Amino acid sequence: MDACLFCEIARGKTKTQLIYEDDEVAAFNDIYPKAEVHILVIPKMHIATLNDATSEHQQLLGKLMLCASQIASTHNKLGNGYKLIMNVGKGGGQTVEHIHLHILGGKRLNHETN
Ligand code: AMP
Ligand code: ZN
């Protein structure tokens, strides 16, 4: 496998600061935010896209959702709610091939296009 940017971030090998971390999941701010708050939540395990996930990953994918909810619930700009997005494959707009959830919220949230 070629070096994966999000695997490197999860391992703390880049300058990107993690805003949440446990043994299975990490979260950090998107480098090109599409909303006032734009956080990415990733499994530390490399899974390229949702279509590469299997029943083995069921617990981990559930945890990813719950971590997103937990991160959002403690964020002072997400009290009114937020949008959770996972792009899948090139056709779905996925540019980084390591599963990630986008948490989008605060101002500049475009409900038409996101
Ligand atoms: P997607 O298009 O769903 O694959 O989302 C990939 C996201 O990763 C985009 O919103 C990018 O802005 C973001 N991104 C790319 N490189 C970095 C990086 N080094 N640190 C943080 N976010 C990044
Ligand atoms: Zn990876």
Side-chain angles (χ1 to χ4, degrees):
M1 187 182 82
D2 292 340
C4 168
L5 174 62
F6 285 2
C7 281
E8 300 280 293
I9 290 175
R11 290 191 199 111
K13 301 272 185 199
T14 73
K15 286 184 181 159
T16 304
Q17 294 281 336
L18 298 181
I19 59 177
Y20 173 86
E21 180 180 21
D22 64 30
D23 52 340
E24 293 180 309
V25 172
F28 50 93
N29 288 313
D30 196 292
I31 201 167
Y32 301 120
K34 290 20 167 233
E36 185 182 15
V37 180
H38 189 170
I39 296 167
L40 300 175
V41 189
I42 67 171
K44 288 188 170 177
M45 172 190 281
H46 182 85
I47 307 167
T49 83
L50 186 61
N51 286 347
D52 296 298
T54 67
S55 56
E56 250 177 71
H57 305 116
Q58 188 166 316
Q59 182 273 340
L60 183 59
L61 292 174
K63 179 166 176 179
L64 206 63
M65 300 278 282
L66 291 176
C67 282
S69 154
Q70 197 193 330
I71 292 163
S73 69
T74 57
H75 196 293
N76 61 1
K77 292 191 170 151
L78 299 178
N80 259 343
Y82 54 92
K83 198 182 283 281
L84 210 52
I85 292 176
M86 181 180 283
N87 295 325
V88 183
K90 286 192 173 59
Q94 184 177 2
T95 58
V96 177
E97 291 209 334
H98 180 129
I99 284 185
H100 49 280
L101 278 175
H102 297 255
I103 301 175
L104 292 153
K107 290 181 205 145
R108 288 188 281 130
L109 188 57
N110 182 343
H111 290 275
E112 302 302 315
T113 56
N114 282 317

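When reading the values below, keep in mind they use all heavy atoms of this one structure, side chains included, and skip hydrogens, waters and symmetry mates. Note that ligands are numbered from 1 as they come in the structure, with each ligand's atoms numbered from 1 the same way. Bear in mind that the values here come from a model prediction, so they are computed numbers and not experimental data.
- Residue pairs meeting the salt bridge (charged side-chain N to carboxylate O under 4.0 Å, His left out) criterion with at least one partner in residues 64-81, sequence neighbours excluded, are E36-K77.
- In terms of protein heavy-atom proximity, atom 11 (C) of ligand 1 is nearest to D30 OD1, 3.4 Å.
- Residue T14 places no heavy atom under 4.0 Å from ligand 1.
- Taking every heavy atom of N87 and a limit of under 4.0 angstrom, the matching atoms of ligand 1 come to 1 (P), 2 (O), 3 (O).
- Residue contacts with ligand 1, taken as heavy atom pairs separated by less than 4.0 Å, do not involve M86 at all.
- Of all the heavy atoms of I85, none lies under 4.0 Å from any atom of ligand 1, so neither backbone nor side chain is involved.
- Within ligand 1, the atoms closer than 4.0 Å to a non-hydrogen atom of F6 are 8 (O), numbered from 1 in the order shown.
- Residues Y20 and D22 have side chains that bring a donor and an acceptor to within less than 3.5 angstrom of each other.
- With the Zn ion (ligand 2) as vertex, C7 SG and H98 ND1 subtend 110°, rounded to 10°.
- When hydrophobic residues (I, L, V, M, F, W, Y) are linked wherever their side-chain heavy atoms come within less than 4.5 Å, the members clustered with L18 are L5, F6, I9, F28, L40, I42, V96.
- Nearest protein heavy-atom neighbour of atom 4 (O) of ligand 1: T95 N, 2.6 Å.
- With respect to atom 14 (N) of ligand 1, the closest heavy atom belonging to the protein is I31 CG2, 3.8 Å.
- Given atom 5 (O) of ligand 1, the protein heavy atom at minimum distance is H100 NE2, 3.0 Å.
- Atoms of ligand 1 found under 4.0 Å from any heavy atom of N29, numbered from 1 in the order shown, are 21 (C).
- Here is the list of ligand 1 atoms found below 4.0 Å of a heavy atom in K34: 9 (C), 10 (O), 12 (O).
- Only the side chain of L5 comes within contact range of ligand 1, with a heavy atom under 4.0 Å; no backbone atom does.
- Between H46 and H98, the ring-plane angle classifies as perpendicular under the 30° and 60° cut-offs.
- Using a 4.5 Å heavy-atom threshold, the side chains of K83 and H102 count as separate.
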